[in-house]
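Structure, as structure tokens:
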Amino acid sequence: MNPERDEAETDSIGVSTTRKTFALLEGLEEAEGATIAELTQRTELPKSTVYRHLQTLTELGYVIERDGRYYVGFRFVELGEQARSRRMGYTAAKRAVFELGQDTDELAVFIVEEDNEAVYVHRYGSLSNTMIGQRRPLHSMASGKVILAEWDDESVSQYVRDVGLEAVTSNTITDPDALFDELERIRSRGYAVNDQEHMDGLRGVAVPVYTPDDDFLGGLSVFGPTSRFTDDYVHDNLPTRLGDKAGEIKVTLAYS
């Protein structure tokens with residue numbers, strides 16, 4: 001009998017079970033609710049496995065069942081709010097995003113980096129809650145490029161090696177040299193521009209947000225259609241308005 005091998009096998013089983021659980025949760029999220037049969041087909045897991053996992057998740061409150069269909073439960077909202085408030089600055093950014101959106105009458109977001117991806121923490125605009133927690137490539141967004149501009153060259157090179165520079169649209173920066181040049185421009189002028197690099201017909205502007213100790217917190221951004229986001233608006237108007245809001249966050253944190 002080998003205790004170390006037994007322990008390794010137990011760990012392997014535990015990891016496999018966890019992966020199946022999250023595969024089911026992601027399947028439910030993508031399908032916006034599903035039956036056991038639909039989840040079995042989507043995840044390619046045995047029906048009995050799907051059933052057991054769903055029963056456990058339902059008992060714990062992470063999944064709910066309505067007329068034979070299963071949905072992600074509100075228990076995850078509690079966990080999500082804890083993640084959004086784990087740093088005081090994240091909470092301070094929520095008000096700034098709301099005020100910025102109302103002031104500009106455009107879509108406004110606050111984005112942070114996690115595992116080499118841009119993550120929506122706060123958003124103001126139509127269907128604003130639908131994107132919270134969703135992840136996007138850093139190099140294709142104004143806020144994401146603001147984040148990359150905070151990194152040193154080796155960290156950016158590591159990002160290029162590990163993640164790559166996928167073309168989300170025909171305007172996405174896919175050449176490493178072009179990305180480094182873009183990041184240098186962002187550092188010099190203090191803001192980033194997304195020129196239809198993440199979605200055709202959409203432009204955006206972002207600025208970095210710092211704590212009172214000058215620690216980087218995230219990217220604050222406004223975006224909208226190219227018809228309204230003219231060059232004058234993008235380069236002469238929005239950077240100042242965004243910078244003012246970023247400054248307000250810093251002051252709020254200083255006196256909290």
Side-chain angles (χ1 to χ4, degrees), residues 93 96-97 100-101 104-128 130-209 216-243 245-246:
V97 168
L100 187 61
T104 61
D105 198 26
E106 303 289 356
L107 298 170
V109 296
F110 177 70
I111 284 176
V112 301
E113 178 270 335
E114 187 175 75
D115 294 334
N116 282 335
E117 293 180 300
V119 182
Y120 288 88
V121 178
H122 300 297
R123 177 179 172 178
Y124 174 91
S126 60
L127 301 176
S128 59
T130 60
M131 300 187 73
I132 300 305
Q134 291 190 8
R135 296 165 177 266
R136 298 289 185 266
L138 289 169
H139 65 281
S140 70
M141 307 175 67
S143 290
K145 291 191 291 184
V146 159
I147 291 169
L148 289 173
E150 292 291 318
W151 297 1
D152 58 34
D153 287 352
E154 177 52 36
S155 297
V156 176
S157 295
Q158 189 66 48
Y159 171 85
V160 173
R161 289 193 295 269
D162 292 346
V163 179
L165 300 178
E166 179 185 356
V168 183
T169 73
S170 59
N171 281 12
T172 307
I173 296 175
T174 57
D175 178 71
D177 290 337
L179 177 63
F180 278 103
D181 289 343
E182 174 74 352
L183 297 182
E184 193 56 42
R185 280 191 293 272
I186 293 168
R187 296 179 185 118
S188 176
R189 65 191 182 190
Y191 67 92
V193 175
N194 166 12
D195 192 4
Q196 303 186 74
E197 296 162 53
H198 185 71
M199 184 179 296
D200 290 330
L202 209 64
R203 298 184 84 186
V205 184
V207 299
V209 179
F216 179 71
L217 194 63
L220 184 65
S221 177
V222 171
F223 58 97
T226 54
S227 58
R228 291 199 298 271
F229 277 59
T230 63
D231 285 343
D232 287 344
Y233 190 47
V234 165
H235 293 285
D236 299 332
N237 185 304
L238 286 176
T240 299
R241 296 166 83 169
L242 282 160
K245 283 300 174 187

Handout entry: Full working for side-chain contact (heavy atoms from CB on, under 4.5 Å) between Tyr191 and Ile186
Key = CA-CA 5 Å; Tyr191 67 92; Ile186 293 168; over 6 Å; no
Exercise for the section: For Lys145 and Glu182, run salt bridge (charged side-chain N to carboxylate O under 4.0 Å, His left out): C-alpha distance rounded to whole Å, both residues' side-chain angles, the deciding distance at 0.1 Å, then the answer. Expected result: CA-CA 8 Å; Lys145 291 191 291 184; Glu182 174 74 352; 2.9 Å; yes
Problem - side-chain contact (heavy atoms from CB on, under 4.5 Å) between Met199 and Asn194, worked out - result: CA-CA 9 Å; Met199 184 179 296; Asn194 166 12; over 6 Å; no
Exercise for the section: Dump the intermediate steps for side-chain contact (heavy atoms from CB on, under 4.5 Å) on Leu242 and Val222, then the final yes or no. Expected result: CA-CA 8 Å; Leu242 282 160; Val222 171; 3.8 Å; yes
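Between Ala246 and Val207, the closest heavy-atom pair is CB-CG2, 4.0 Å. The two atoms that bring Glu150 and Pro208 nearest to each other are OE2-CB, 4.0 Å, heavy atoms only. Closest non-hydrogen pair, Ala96 versus Lys245, comes out as O-CD, 4.3 Å. Closest approach of Leu183 and Ala149 over heavy atoms only: CD2-N, 3.8 Å. Val193 approaches Ala142 most closely through the heavy-atom pair C-CB, 4.1 Å.
In this structure a side-chain-to-backbone donor-acceptor pair under 3.5 Å is present from Asn171 to Asp195. Of the possible donor and acceptor atoms, one in the side chain of Thr172 sits under 3.5 Å from a partner among the backbone N and O of Glu197. With hydrogens and angles disregarded, no donor-acceptor distance shorter than 3.5 Å links the side chain of Ser155 to the backbone of Trp151. Looking only at distances, no side-chain donor or acceptor of Thr169 sits under 3.5 Å from a matching main-chain atom of Asp200. In this structure a side-chain-to-backbone donor-acceptor pair under 3.5 Å is present from Thr104 to Leu100. Using a distance-only test at 3.5 Å, with no hydrogens or angles considered, no donor-acceptor pair links the side chain of Arg203 to the main chain of Gln196. The backbone N or O of Pro137 lies less than 3.5 Å from no partner atom in the side chain of Glu117, so there is not a single donor-acceptor pair.
Residues Thr226 and Leu202 form no side-chain contact, since every pair of their non-hydrogen atoms from C-beta on lies 4.5 Å or further apart. Side-chain atoms of Tyr233 and Glu106, non-hydrogen and from C-beta on, do get closer than 4.5 Å to each other. For the pair Val109/Val97, no side-chain contact is recorded, criterion being any heavy-atom separation below 4.5 Å from C-beta on. The shortest side-chain heavy-atom distance between Leu148 and His139 falls under the 4.5 Å cut-off. In this structure the side chain of Ile147 reaches within 4.5 angstrom of the side chain of Ile111, judged on heavy atoms. Contact check for Val205 versus Phe223: no side-chain heavy atoms found under the 4.5 Å cut-off. The side-chain heavy atoms of Ser157 and Phe180, taken from C-beta on, include a pair separated by under 4.5 Å. Two residues are said to be in side-chain contact when any heavy atoms from C-beta on lie closer than 4.5 Å; Leu165 and Asp175 fail this criterion.
If you take CZ on Arg123 and OG on Ser221, they are separated by 10.5 Å, rounding to the nearest 0.5 Å. In this structure, the separation between CG on Leu238 and OG1 on Thr230 is 9.0 Å, given to the nearest 0.5 Å. Interatomic distance, CG of Asp115 versus CD of Glu113, reported as 7.0 Å (0.5 Å rounding). Taking OH of Tyr159 as the start and CG of Leu179 as the end, the distance is 8.0 Å to the nearest 0.5 Å. Taking NE2 of His235 as the start and CZ of Phe229 as the end, the distance is 12.0 Å to the nearest 0.5 Å. The line from CD of Glu184 to CZ of Arg189 is 11.5 Å long, rounded to the nearest 0.5 Å.
Looking at Asp105 and Arg228, no side-chain N of the basic residue comes within less than 4.0 Å of a carboxylate O on the acidic one, giving no salt bridge. Salt-bridge formation is detected for the pair Arg135/Glu114: a Lys NZ or Arg NE/NH1/NH2 atom is positioned less than 4.0 Å from an Asp or Glu carboxylate oxygen.
Gln158 and Asp162 are linked by a side-chain donor-acceptor pair at a separation below 3.5 angstrom, with hydrogens and angles left out of the test.
By the 6.0 Å contact criterion, CD on Glu166 is open, its count of non-hydrogen atoms from other residues, nucleotides or ligands being 12 or less.
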